[in-house]
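Keep in mind that the numbers below use all heavy atoms, side chains included, and drop hydrogens, waters and symmetry copies. Numbered from 1 within each chain, the chains take letters A, B, ... in sequence-line order.
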Amino acid sequence: MESGRKTYYRESDPRLRSEGGDHQPEFPSELSLGDGEGDSAQFSRRGFLAALGLSTAAFTAACSRSPTGHVLPFNDKPEELTPGVALYYASVCGGCNARCGLLVKARDGRPIKLEGNDRHPLSKGALCAVGQASVLSLYDAARSRGPSIAGKPVGWKEVDSQVRAALEKAKTSAKPVFVVHPPDIGPTESAALARFAEVYTNTKRVVFDTSAVGLWAQAHESTHGSRTVPLVKLDIAKVVVGIEADFLGTWLSPVEFTKAYSKARDPKQGNMLVHYQVEPKLTLTGSNADVRFTAKPSDTVPLLAAIARALSESEPIAALKGIRAPELPPAKVGKIVGALREAKGHAVVLCGSSDPTAQVLTNLINQSIGAYTSILSIQSGTGYPAADATMEDLYAALGKGDTAGVVLWNVNPVYAHPRGAELKGLLAKVDLTVCTNDRPDETASAVKVHAPDHNALEGWADTQVKAELVSLRQPGVQPLFETRGAVESLLVWAGDTVTEEDFLRRRWESQVFPKAKNSPPTFVPFWDRALQDGFVELAPSDSAAPEWRPESVEKALTAHAANPPPQGLELWLYEKTGIRDGRLANNAWLQELPDPISKVTWGNYAVLSAAKATELGIVEGDMCTVTAHGQSVTLPALVEPGVHPSVVAVALGYGRTAAGKNAEGKGADVYPLARTKEGVFRREVEGITVAKAAGRKDLAKSQTHPSQEGRDIVRETTLAGLAKGEVGGHDAGHGKRHLSMWPDHAYTGSKWEMRIDLTACTGCSACVVACQAENNIPTVGELEVFRRREMHWMRIDRYFAGSADEPEVVHQPMLCQHCDNAPCETVCPVLATVHSSEGLNQQVYNRCVGTRYCANNCPPKVRRFNWFDYPHEDPLERMVLNPDVAVRSRGVMEKCSFCVQRIQEGKATAKAQGRPAKDGDVTPACEQSCPAGAIVFGNANDPESRTAKLREDVRNYRVLEELNVSPAVSYLTKVRAESTALGHAPAEKKHG
Amino acid sequence: MKRPASRAKNGLAPRHIWALGGLTVLSVVVAASCDSQGSRQGYEPAQPIAYSHALHAGERQIDCQYCHFGAETSRHAGVLPASVCMNCHNQVLKDSPEVKKIAQAVDSGKPIEWVKVHRLADFVYFNHSRHVTAGVTCQTCHGPVETMVRVRQVETMSMGWCLNCHRNPSAQVPGGDALSPPSDCAACHQ
């Protein structure tokens, strides 16, 4: 037993596999690399003739000059545009409902990269993986090129006349017209909907919401009389308890929460926010928790009730008595209760359950621990509009034929509603069906009139992120196609001829400008500033905090009878960090983004615990059939630690049939397995069965080797350990100088180095996609990932330790370490990889002949080889390429360059201003995007730089120090507030 | 066993590798024998409009950056918008057949397709602004453009030619040593 050392999972660990199943080997012996044309190595007659023809053609071509190039100048140049100079527009992200502030980097009129807007009060310059990837969806070849009626392309005039005529007719028929819209619509969108409802008085608004976020607002309506999701000030919390809430990955506003979370968990302060998580399956959030318990979804309400009961011992709440005790052992419940009680006034519970009762109970707990007067603020929260009818009402009305029209306004219920297939048939019977989705997807292809909306980067919109904060979305590019803003469409159909921009601007003049804080005296400068900042802060309202309504709990609980604990398996439908609810499923960057926990790309799978899989005779990769309320879905199985034995977890968002070729055939659609209850989309399903099905499917994982082979690649300690000087690792003398056979590099100018704080890093993978967008990194597809040929320059390694039920996880970003004694440089026969005078390990593509010796000799295995050309099949997709970074061709090695194009630009900017480059002038794409602030890059020769200062930190260490490669990247030991696995486990046996 | 689907479009059969090997050897031999390292030195293509730099930049002394407006601020020097030509030419020589081509471009909205004279490979990153702001004259790389009726590539524009100056900057720019131009690979290959 060695204190401060952890046992990480090894290959073939029983916690990672079920009996009889084998772990995917790191170097599989029978990995077929065939080309699909028969693997014959013989040189056939036809092959010989083809080669002869090619050689002749090459002989002729080689003597001619390179092709003629042309320069096509503007006839009339826009004043602000200089070819080759990027423009940045402040805007709002359209990737998910969180609506982070962003800067659109546009080169020569086309957005090529999205970056967080560092002035934005919530996202503070960061952006998540989905936000980073959303720029690719702008250039999605599957987008609609213009409006169509019954699948036939038409002009907007034709659309408008048909829709208006049908709406006028519907108005006289007294039957309702349903407008189905997402839960998070902005004030201008609300105003357009209101205008539409004013003209067509038979309008009924329906909110289509598959996230549980709207539910939390609904719960506050009953407990506080305000339909609001409160502002969560996580940065001032001392204890956070997450129950089924993946708040760092997918729930509510992950970037905002990660920013605050990492700030509150900085070990330098001497204390850390302690994070408890209870969830059915390991999520990104759970993987960062200090204390994590697995529980069935059906245990959420009893658990919350037990916590509430314990916290209200002095004045018991009668309504809570009826609820059964949770299955989670009392000791574990007691630990959570104790932490909440101790941190009263500084603690908060976040619940992601889609059970409305659970949300009310969460509010009750937060009320009793004083969270509403400290961490949660309802007055500063986000209001959610109430609907006139539920989806159930819509189905009922459609079934009765009592509907004059349905407008599906940027929603895709045919795909994402559990009864979507039924909806498709029902819509066919309605006279007027309109959809504004951006492509002929499942819903848009089921309606008569398809009136495609702009992409988020092409249109105008605003969003009331918080009560005192309105964000403004401006376009970063002219619309690429004949699309029209959905707001404009509604207004035109309501008889107003106004553009989206004018409508928004007029509303801002009359509604936003008078309420703005510190605004200029007239509207025009106010508007210009709003465009420049991307948001406007409003003067705080002086309304009193809404009162707690104790009677609401009783009301919510009467419906929840004292059910006995359900027997059998339960299904938990979750969202993956990349694909989320599936709206961006055709985005290849997100499809190829490895899941932070499973590391699987391009698909979903049934996640089972090792115990359950063994019981069912299932091993990883076996196809299995999940059946719930008569609906069956067959998909491959995956065995993972941290899953409750009675739970099967499957990701939503896959199995799209009409999103485009990247999404087609990828994974299985499990929305039909969900259900709706009282109009609420429920992700937890009881009474399901799982059975082994015929066949197998190998999952395309980016990490197949779980072990560190006994080396200290990640180092961990606890806050208490850190105070005693324990920083993990077993070589106390790390950082000492080793003898080297090479002379040292001089580095007279800058020396670029990077520090990565493993305490801050949550594994969210924003850096992976940011790097991909910045550096023109191709996606390779599922089969090539399976063949270990993914191209990501930045990858995140994940290691497990601890019990199969409650594992502890470490995420470690791994990229080119830019070693001073780089093993790759010494083996390259053509000097294609050489050291720069500033410490960069440079890869020169035009010199590389593809021997791959360097990759073979690279200790952290971060070099990527272009096995193929990865062409952009549609010229449209090429528009996303960064013109400052070379596009690599087949046969060339590549890897992280420390964003050398940004280094050069930063240096040139400083030079042009006649000053030496200072810390912060150069920010690589990964650091720029990181919501946790885990990555710090800079000139280590500058003693004032953050990198130089962090090098002296006691936690600073370099991986594989024993090899004496002297990396420029170093890591800071992960510090946990608490750890069960640390110090209680025998040391991992070293072997050579 | 079901394998995942591939996105790669150009699978390589072993027999093709034989063919490619032979092809590579052949191409290297051919390329070495008929063109000096792919240089376009002396290239002087005809342009769609018979525009004379000797007249505009030489005789009339119009500053280079009046037309090549991005040279000091951008990676690309830029070619002037046709509407800027017409600033003068709606008065001067407006009946010339060459000027009429410009007017037509402005009217039709179809840009003039100038032929590129100086062209670097796709794997080379070159930035005009960094050179112009450092005091490198246009003529250092482009030759005496103000004497050319039709622009010709004067220098080899090869990597060695770039490095000659980067290694000994004071030979071209007075006080150039203080500029310490980079000679790292990644300065141009990024």
Side-chain angles (χ1 to χ4, degrees), chain A residues 32 35-37 41-44 47 50-51 54-55 58-59 62-63 65-66 68-77 82-85 602 665 695-698 700 779-784 786 834 836-838 840 842 844-846 867-871 884-886 897 900-901 904 908 912, chain B residues 1-16 18-19 22-23 26-27 30-31 34-35 38 40 43 45 69-70 73-76 78-83 105-106 109-116 119 121-123 125 127 129-130 133 180 182-187 189-190:
Chain A
S32 157
D35 61 358
E37 302 170 32
Q42 284 197 346
F43 203 89
S44 70
L54 260 170
S55 319
F59 187 84
C63 260
R65 284 192 187 276
S66 48
T68 311
H70 288 99
V71 183
L72 275 76
F74 282 105
N75 269 337
D76 207 358
K77 186 176 81 72
T82 306
V85 176
W602 293 98
R696 280 181 55 77
K697 183 180 188 296
D698 290 315
T779 50
V780 298
E782 194 179 4
L783 178 61
E784 292 299 305
F786 177 72
V834 285
S836 92
S837 60
E838 299 183 335
L840 301 184
Q842 310 166 108
V844 189
Y845 309 125
N846 42 312
W867 287 93
F868 300 99
D869 276 325
Y870 301 99
D884 292 341
V885 177
S897 67
V900 64
Q901 67 281 3
Q904 299 291 13
Chain B
M1 191 186 287
K2 195 178 164 196
R3 294 279 188 204
S6 172
R7 254 170 78 78
K9 284 292 157 213
N10 40 6
L12 199 64
R15 58 171 185 271
H16 289 158
W18 278 100
L23 181 83
L26 208 62
S27 314
V30 169
C34 67
D35 200 337
R40 291 153 62 111
Y43 182 46
F69 55 90
T73 52
S74 170
R75 179 186 168 178
H76 306 297
V79 173
L80 80 170
S83 59
V106 174
K110 202 166 170 274
I112 302 161
E113 293 197 18
W114 299 100
V115 179
K116 247 182 152 177
R119 195 161 177 237
D122 286 348
F123 51 75
Y125 177 86
N127 191 315
S129 70
R130 287 174 204 169
T133 50
S180 59
S183 53
D184 286 328
C185 305
H189 302 294
Q190 60 187 39

What are the two closest non-hydrogen atoms of [X] and [Y], and how far apart are they?
X: B:D122; Y: A:A886; value: O-CB, 4.5 Å
X: B:G70; Y: A:T82; value: CA-CG2, 4.1 Å
X: B:C185; Y: A:V834; value: SG-CG2, 3.4 Å
X: A:A908; Y: B:R130; value: CB-NE, 3.2 Å
X: A:V900; Y: B:Q190; value: CG1-CB, 3.5 Å
X: A:P73; Y: B:V79; value: CB-O, 3.4 Å

For [X], is it the side chain, the backbone, both, or neither that has a heavy atom closer than 4.5 Å to a heavy atom of chain B?
X: A:V71; result: both
X: A:Q901; result: both
X: A:S836; result: both

Turns out that what part of B:A121 lies under 4.5 Å from chain A's heavy atoms comes down to neither

Is B:T73 in contact with chain A via its backbone, its side chain, both, or neither, using a 4.5 Å heavy-atom distance? both

Most heavy-atom pairs under 4.5 angstrom with chain B, which of A:N846, A:V844, A:V85, A:L72? A:N846

Check whether A:Q842 reaches the backbone of B:A186 with its side chain - one donor and one acceptor, N or O, closer than 3.5 Å. yes

Using a 4.5 Å cut-off on heavy atoms from C-beta on, say whether the side chain of A:T68 contacts that of B:P45. no

What residue in B:N127, B:V115, B:T133 has the most heavy-atom pairs under 4.5 Å with chain A? B:V115

Check step by step if side-chain contact (heavy atoms from CB on, under 4.5 Å) holds for B:Y125 and A:Q904. CA-CA 11 Å; B:Y125 177 86; A:Q904 299 291 13; 5.9 Å; no

